[in-house]
Amino acid sequence: VGTVHSAAVIGNNLVVSMGGMNLTQISDLISSLAQDPIVQSVAVNVASTTEENAAAGNVWDAELEFSLILTLQAAEEEVLG
């Protein structure tokens, strides 16, 4: 489920542009990623849907385009923690 459009590492951040997931799936993905010991935090940067889904009031089931920002633990913190 979902499609990764791009990924970039900037310092301790991994920025991932994705699409094809609804709000429930995005929430589940964030919860799963947050459990990984190398991940310090996860945030959704941008979420948008198509005009068609928004007009129909189908926001919960609509497939969204979004970006995740994963802040990663520094290597020393991972080894010690």
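Computed from a predicted structure; not experimentally measured.
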| query | If you group Ile, Leu, Val, Met, Phe, Trp and Tyr by side-chain heavy-atom gaps below 4.5 Å, do V16 and I10 land in one group? | reply | no
| remark: Nearest heavy-atom approach of E65 to H5 is OE1-NE2, 2.8 Å
| query | What's the spacing between N13 CG and L72 CG if we round to 0.5 Å? | reply | 7.0 Å
| request: Could you check if a side-chain atom of N12 sits within less than 4.5 angstrom of a side-chain atom of Q40, using non-hydrogen atoms only? | output: no
| field | Among L33, T71, L14, side-chain contact (heavy atoms from CB on, under 4.5 Å) partner for V42 | value | L33
| Donor-acceptor contact below 3.5 Å, side chain S31 vs main chain S27 | yes
| Is there a path from M21 to V15 through hydrophobic residues (I, L, V, M, F, W, Y) whose side chains come within less than 4.5 Å of each other? | no
| Within the distance-only criterion (no hydrogens, no angle test), does the side chain of Q25 pair as donor or acceptor with the backbone N or O of N22 below 3.5 angstrom? | yes
| said: If hydrophobic clusters are built by linking Ile, Leu, Val, Met, Phe, Trp and Tyr wherever their side-chain heavy atoms come under 4.5 Å apart, do L29 and V4 end up in the same one? | reply: yes
| Does the side chain of L68 come within less than 4.5 Å of V44's, by heavy atoms? | yes
